[in-house]
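These notes are about the structure you will find just below.
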Amino acid sequence: MRKIFSLFAALTLSAGLWAIDNVPYIDANGQLKTANGVTEITNASTTLSGGWYVVYGADVQTGTLICQGDVHLILCDGAKLTATGSNWGQAGINVTGTNSLTIYAQSTNPETMGQLIANGASIAAGIGGGDNQPGNNITINGGKVTAKGGTYAAGIGGGQVGSGSNITINGGEVTANGGDSAAGIGGGMTKDGSNITINGGVVTANGGDMAAGIGGGIGGSGFDIYISDAYVLEAGAAANPTEVINHSSATNLGSSLNGKRYAKIEGLATPYTRTTSVDQWATVCLPYAATSFEGADFYKVNYYDASDPTDLKLYIEPVVNLEAGKPYIFHATDETVTIEHNATTPEEISAGYENGLYGSFARKTIVYDAEHAYAALANNTVNVIGAGHTVTVPACRAYFDMTEVPTTEQPHSAPLRCISIPSKNPTDLGQSAITNHKSAMKVVKNGQFRIVRDNKMYNAQGVEIQ
């Protein structure tokens, strides 16, 4: 029935008939929302008037899609849309002038999230401007997005001699390849790239010859480029993918990842800072080493004591230096934590783990898994993720897999401190009266969920364990 329905939707696009309701998507903050009045994009689609659109098919192919007004595009799980410039000088998806495009996914799983491939014709951007047009007002909140610019045009941004501005990436896996002399994300040949913000996701930006990965095309400049501590960036000119990002004035993170090779963003020395409260416990994982920090004491995980299932304690060991790509717990001694960059950084970098503590450079959604005892540090306790629940861990933070934290004391060279694993969980671990009862205590023992009530122990489904 949906195929027949979709045919009518495509035929009556301008009339706004046959709209689809309750289409789920993930917003810029990682929250699951639904949209109503959504139109399906089919092979026959060309103009997207302001409103909501969705891609269902596994191989939907169109010519140039022209955005008119504020366009919102949802990429369903398993869907794939390929938009290719129909004629010389036409973008894969044309977004210029006062028009805008916002792209959403339905999940953060790279194996299932929807895909968008946008290929510009000669002298036109993959997503953005056509010939002599700027590309602007483009936001990507999720999905696997690949944009390739034609000759002299940006992957995401301006067409030939078109600037690229007001481009924001909050999540997803984004690859942007600029054509000759054009930026991966930003300006086409001779034009600037500006007001570019990357808050999340994994971003690969390859500029054409003599052009920035992110910023201006050849002869252009890059300015007001904000790279927060919320993403993994792989960037550089296509001719030398390990060179630094040129013409950029990025702020906040101060480093980028080129594959697994470290690259500095030119002229940047801004430290990582975090607003906290005194005595707050939190986590951090950064893509650079640090030997100088203020406002907190840092620790790695040693083991946890599961001898008393109603009073589990996580033992942590102080560290003096922070390694690149390693996750840590910190205890704030001030309202602001400041971590300075270390000038010497390893060539290879990855978000590692330490006794069950995993780091993430990009925002990560953790889903309940009965085989693992996933947990996040919040409200000064290690909170286990309950059945049917998820938790979103911000970028450059860490989370636990309690199944991998040793339950016996490990060798250590310094006195240990301990923080509490909560005796009760703020989320509901099960559906039965046992797990829902207000006096039931939710704990983790030997890496498994356990509920303790009236001196008896139960699993997450409320079945008593002997």
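All residue numbers in this chain count up from 1 along the given sequence.
- Checked by atom type and distance alone, the side chain of Q90 pairs as donor or acceptor with a backbone atom of N87 at under 3.5 Å.
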- Task: Apply side-chain contact (heavy atoms from CB on, under 4.5 Å) to V337 and F293, showing your working.
- Result: CA-CA 7 Å; V337 177; F293 36 79; 5.7 Å; no

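- Side-chain contact between T46 and T62 is absent, with no heavy-atom pair separated by less than 4.5 Å.
- For the pair K144 (side chain) and L116 (backbone), a donor-acceptor distance under 3.5 Å is absent.
- No donor-acceptor pair closer than 3.5 Å links the side chain of D192 to the backbone N or O of S163.
- Atom CG of N206 and atom CG of N177 lie 5.0 Å apart (nearest 0.5 Å).
- Using the six-membered ring where Trp is involved, W281 and Y299 have ring planes that are tilted, between 30° and 60° apart.
- To the nearest 0.5 Å, the span separating CD1 on I185 from CD1 on I138 amounts to 9.5 Å.
- More than 12 heavy atoms of other residues, nucleotides or ligands shown are found within 6.0 angstrom of OH on Y104.
- The OG atom of S49 sits 10.0 Å away from atom CD1 of I66, with the distance rounded to the nearest 0.5 Å.
- In this structure, Y328 and E323 have side chains that are in contact, with non-hydrogen atoms separated by less than 4.5 Å.
- Of all non-hydrogen atoms in G356 and V405, the two that sit nearest each other are CA-CG2, 4.0 Å.
- The shortest distance between side-chain heavy atoms of V60 and N43 falls below 4.5 Å.
- The pair D27-K33 meets the salt-bridge criterion, with a side-chain N (NZ, NE, NH1 or NH2) lying under 4.0 Å from an Asp/Glu carboxylate O.
- The two residues D70 and S100 come nearest to each other via the heavy atoms OD1-OG, 2.7 Å.
- A distance-only check finds no donor-acceptor pair linking the side chain of S194 to the backbone of S165 [under 3.5 Å].
- Atoms CG and CG, from L357 and N355 in turn, are 9.0 Å apart once rounded to the nearest 0.5 Å.
- Under the 4.5 Å side-chain criterion, counting only non-hydrogen atoms from C-beta, N195 is not in contact with I167.
- Counting only distance, with no hydrogens or angles, the side chain of T139 and the backbone of T102 share no donor-acceptor pair below 3.5 Å.
- The closest side-chain heavy-atom distance from Y56 to I74 is not below 4.5 Å.
- For the pair I20 and T39, the minimum side-chain heavy-atom distance is 4.5 Å or more.
- Going from atom OG1 of T84 over to atom CD1 of I117 covers 8.5 Å, rounded to the nearest 0.5 Å.
- Ring geometry, F330 versus F298: the interplanar angle falls from 30° to 60°, so the pair is classed tilted.
- Scanning all heavy atoms of the two residues, the minimum distance from G129 to A91 falls at O-CB, 3.8 Å.
- Taking the six-membered ring where the residue is Trp, W52 and Y25 present tilted rings, their angle falling between 30° and 60°.
- Taking CG of N170 as the reference point, atom CG of N29 lies at 8.0 Å (rounded to 0.5 Å).
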- Message: Could you go through V174 and T204, starting from their C-alpha distance and side-chain angles, then the distance that decides it, and tell me whether this counts as side-chain contact (heavy atoms from CB on, under 4.5 Å)?
- Response: CA-CA 6 Å; V174 180; T204 304; over 6 Å; no

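- Remark: the N166 side chain and the N136 side chain contain no N/O donor-acceptor pair separated by less than 3.5 Å.
- Judged by distance alone, the side chains of Q160 and D131 do bring a donor and an acceptor atom under 3.5 Å apart.
- Checked by atom type, the side-chain pair Y358/E404 shows a donor-acceptor distance below 3.5 Å.
- Between the side chains of H372 and D401, at least one donor N or O lies within less than 3.5 Å of an accepting N or O.
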- Message: What verdict does the side-chain contact (heavy atoms from CB on, under 4.5 Å) test give for E173 and M113, after you've listed the backbone C-alpha separation in whole Å, the side-chain angles of each residue and the deciding distance to 0.1 Å?
- Response: CA-CA 10 Å; E173 294 184 7; M113 64 184 176; 3.5 Å; yes

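- A heavy-atom distance below 4.5 Å is not found between the side chains of C285 and K326.
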- Message: For N99 and V71: C-alpha separation, side-chain torsions, deciding distance, then whether side-chain contact (heavy atoms from CB on, under 4.5 Å) applies.
- Response: CA-CA 8 Å; N99 303 302; V71 175; over 6 Å; no

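- A donor-acceptor pair under 3.5 Å is absent between the side-chain atoms of T276 and the main chain of A332, judged by distance alone.
- Of the possible polar contacts, one joining the N109 side chain to the E111 backbone as a donor-acceptor pair under 3.5 Å is found.
- Side-chain atoms of D21 do not come within 3.5 Å of backbone N or O of V38 as any donor-acceptor pair.
- In this structure, T338 contributes its side chain and E294 its backbone to no donor-acceptor pair below 3.5 Å.
- Smallest separation of non-hydrogen atoms from S86 and G63: OG-CA, 3.3 Å.
- Shown here for G352 and P327, the closest heavy-atom pair between the two residues is O-CD, 3.3 Å.
- For the pair Q106 (side chain) and C76 (backbone), a donor-acceptor distance under 3.5 Å is absent.
- Side-chain contact check for I339 versus L286: some heavy-atom pair is nearer than 4.5 Å.
- Across all non-hydrogen atoms, the minimal contact from R274 to T283 is NH2-O, 3.0 Å.
- Residue I366 forms a side-chain contact (heavy atoms from CB on, under 4.5 Å) with just one option from T390, V393, T108, and that option is V393.
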